[in-house]
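Letters A, B, ... mirror the listed sequences (proteins, then strands); counts begin at 1. Side-chain atoms are counted along with the backbone in the values below, which use heavy atoms only and exclude waters and symmetry mates.
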Number of protein chains: 2
Amino acid sequence: METYLSSVKNSCHLLKLFLDSPKELGVTDLSKRLGLSKGAVHKLLITLESEGLIRQNPANKQYALGYTLLELGNKVLKDHNMVEFARPHMHRLASATKELVCLCVIDGTDAIYVDKIDSQYPIRFDIEVYRRFPLYATSASRSILAYQAESFIDGVLSEELRTFTQHSLKNPSDVKNRLTQIREKGYEMSSNLRNVGVTGIAAPIFDAAGQVIASISTIGPTDRMVPAQEDWIAAVLDTTRTISLGLGFKSSN
Amino acid sequence: METYLSSVKNSCHLLKLFLDSPKELGVTDLSKRLGLSKGAVHKLLITLESEGLIRQNPANKQYALGYTLLELGNKVLKDHNMVEFARPHMHRLASATKELVCLCVIDGTDAIYVDKIDSQYPIRFDIEVYRRFPLYATSASRSILAYQAESFIDGVLSEELRTFTQHSLKNPSDVKNRLTQIREKGYEMSSNLRNVGVTGIAAPIFDAAGQVIASISTIGPTDRMVPAQEDWIAAVLDTTRTISLGLGFKSSN
DNA sequence: TACAACGTTCACTTATAGTGAACAAGTGGT
DNA sequence: ACCACTTGTTCACTATAAGTGAACGTTGTA
């Protein structure tokens, strides 16, 4: 049986509340959002503050995330072998397409962009790195989702699907059709699903165990992407194939 | 009275253990280092894992820091107004000196570099950002320490001083002499104290309340820094003065 | 000047955090 | 191929600390 430590879980929830909030939050506000008493939240805060994960603004007594989280977050990145390994290959792809190139990884039931190389065009599309989003949301993440276990996919798609544009995939069967196409073609090219006027081309990265744990994508304005699509699809597939082989993946056919 | 939540404190200690360790750690190892039973550590780990702050490698069952810490650390940086505000001024300084330019802030009894602009020379000195170090250790941090309350300074210097080179300041009185000089001159230039052959020039940034909460420094090989020292000292002082005024600091004389 | 909202403190009680031993699974050595 | 050791995991138990809710002191505003 999995029995969690309540106060630790509360402290995690508290920290995450800051992700979608302004810089500083007060005790009362936090206690309402967490559903805990003010006293309990205050104890959480002074404990986290003593460890540097939270810091209090002396001027207005409000609380904010502390610098120790910066240290810990940076350690995550330093430990991430994939970022280091993929970077030169991403650079090669970026110099070919001149568009945004992204490295996306799976974490639990979410996806995260852990690295990117910016487009060289003055008019360019940009993404936010280091921020969770649903696996069904973008080409990059769907390219990973497509190769997960059926039961896992169903689990991800069982919750209410968030939509980002009016063209976003609204129901599970639409997503599953896309995933099937990805498995057939080995990549996905999609437009307007996450951002209107934006097209992405993505393909999966396989590790030595044959698992898909990341993807490479190149993303840009649709009117630049479509004319070059054949070249960029080949370039993305070449990049992911090279990285996969470098990770020890043995292609079966 | 300050009564901390023990399990929250334990979870923080656990996370910080990873900072000076390899990527992955085991339950037994962690329990020894934390002085807790294996069962307790396991409960901590599965709780933190359920929140994404920790993740377990399925292959070897060992644990590592999770991606949620990346999200949280990035939010700290996004919320940090100083970084954004100082950046253009740092760029101006960097294009003048062509050496490494750093933004250092104080956090508790430690200092952290929260931003840097790399040197343009092929032979260059580099620092590690987002990582705590003692306030007495570098020009950048001493420039901040010098303007803190006397009692605070004594507190910082009351612990055993870490040394980094054979030239490092070894006892509190040496540090306090330096701090006095900083207050007299308004900047510090030092060589070999943190890295042999390396010279730094640093000056404090004052906020609207007259508090020193950050510093700007330029750092490089001693043989390039010494010949240009007068120009670079003036440039650093000009930079910090501009930033301080921009923050609302009213110089008293 | 009075009110309202805030962060902080405190005594209390129930829920739970941490223990230590037993368990299952895997590794490495002989 | 076997054994012995170490690993991560589970569990019942009890002392302990987590969370409550009301009261306090302070701050800024009407």
#### Entry: Atom-pair distance (CG on A:Leu14; P on D:dA18), nearest Å
15 Å

### Query
Taking five pairs at each end, how big is the angle between the two axes of the helix from C:dT1-D:dA30 to C:dG29-D:dC2, to 10°?
50°

### Task
May I have all residue pairs that pass side chain to side chain donor-acceptor pair (under 3.5 Å) and include part of residues 153-163 of chain A, sequence neighbours excluded?
A:Asp154-A:Lys176

### Summary
Atom CD of A:Glu24 and atom P of C:dC6 are separated, to the nearest Å, by 15 Å

#### Entry: Residues that A:Lys43 engages under salt bridge (Lys or Arg N to Asp or Glu O under 4.0 Å), provided they are two or more places apart
none

### Message
I'd like to know whether NZ of B:Lys185 has more than 12 heavy-atom contacts from other residues, nucleotides or ligands below 6.0 angstrom.
### Response
yes

### Task
Find the distance B:Lys9:NZ to D:dA17:P and express it as a whole number of Å.
14 Å

### Query
Any sub-3.5 Å donor-acceptor pair from A:Glu71's side-chain atoms to B:Arg132's backbone N or O?
yes

### Message
Taking 4.0 Å as the cut-off, does a side-chain nitrogen or oxygen of A:His42 come that near to OP1 or OP2 on C:dG7?
### Response
no

### Message
Below the 4.0 Å mark, does D:dT6 have OP1 or OP2 next to a side-chain nitrogen or oxygen of B:Thr28?
### Response
no

### Query
With side chains defined as the heavy atoms from C-beta onward, is the minimum distance between A:Ile205 and A:Phe85 less than 4.5 Å?
no

### Task
Could you check how far CG of B:Leu30 sits from P of D:dG8, rounded to whole Å?
8 Å

### Integer-rounded Å distance: D:dT10 P and B:Ile46 CD1
7 Å

### Summary
With A:Leu48 as partner, the option from A:Leu65, A:Thr68, A:Leu15, A:Leu69 fulfilling side-chain contact (heavy atoms from CB on, under 4.5 Å) is A:Leu15

### Query
With distance as the sole criterion, is a donor-acceptor pair present between the side chains of B:Asn57 and B:Lys23 under 3.5 Å?
no

### Task
Sequence neighbours left out, what pairs pass ring-ring contact (aromatic ring centres under 6.0 Å, His included) with at least one residue falling in residues 11-69 of chain B?
A:His80-B:Tyr67

### Summary
Exactly one candidate in A:Val101, A:Val129, A:Leu103 meets side-chain contact (heavy atoms from CB on, under 4.5 Å) with A:Lys116; the answer is A:Val129

### Message
Less than 4.0 angstrom from a charged side-chain N to a carboxylate O is my criterion; do B:Arg131 and B:Asp110 meet it?
### Response
no

### Message
Rounded to whole Å, please give me the gap between CG in A:Leu48 and C1' in C:dG7.
### Response
16 Å

#### Entry: Annotated protein contacts, base or backbone, on nucleotides 12-19 of chain C with a non-hydrogen cut-off under 4.0 Å, one of B, S, - each
-----SBB

### Task
Could you identify which residues of residues 53-62 of chain A place a heavy atom less than 4.0 Å from some atom of DNA chain D, listed by residue number, or say none?
none

### Task
Please check if any side-chain donor atom of A:Ser21 sits under 3.5 Å from a side-chain acceptor atom of A:Arg33, or the reverse.
yes

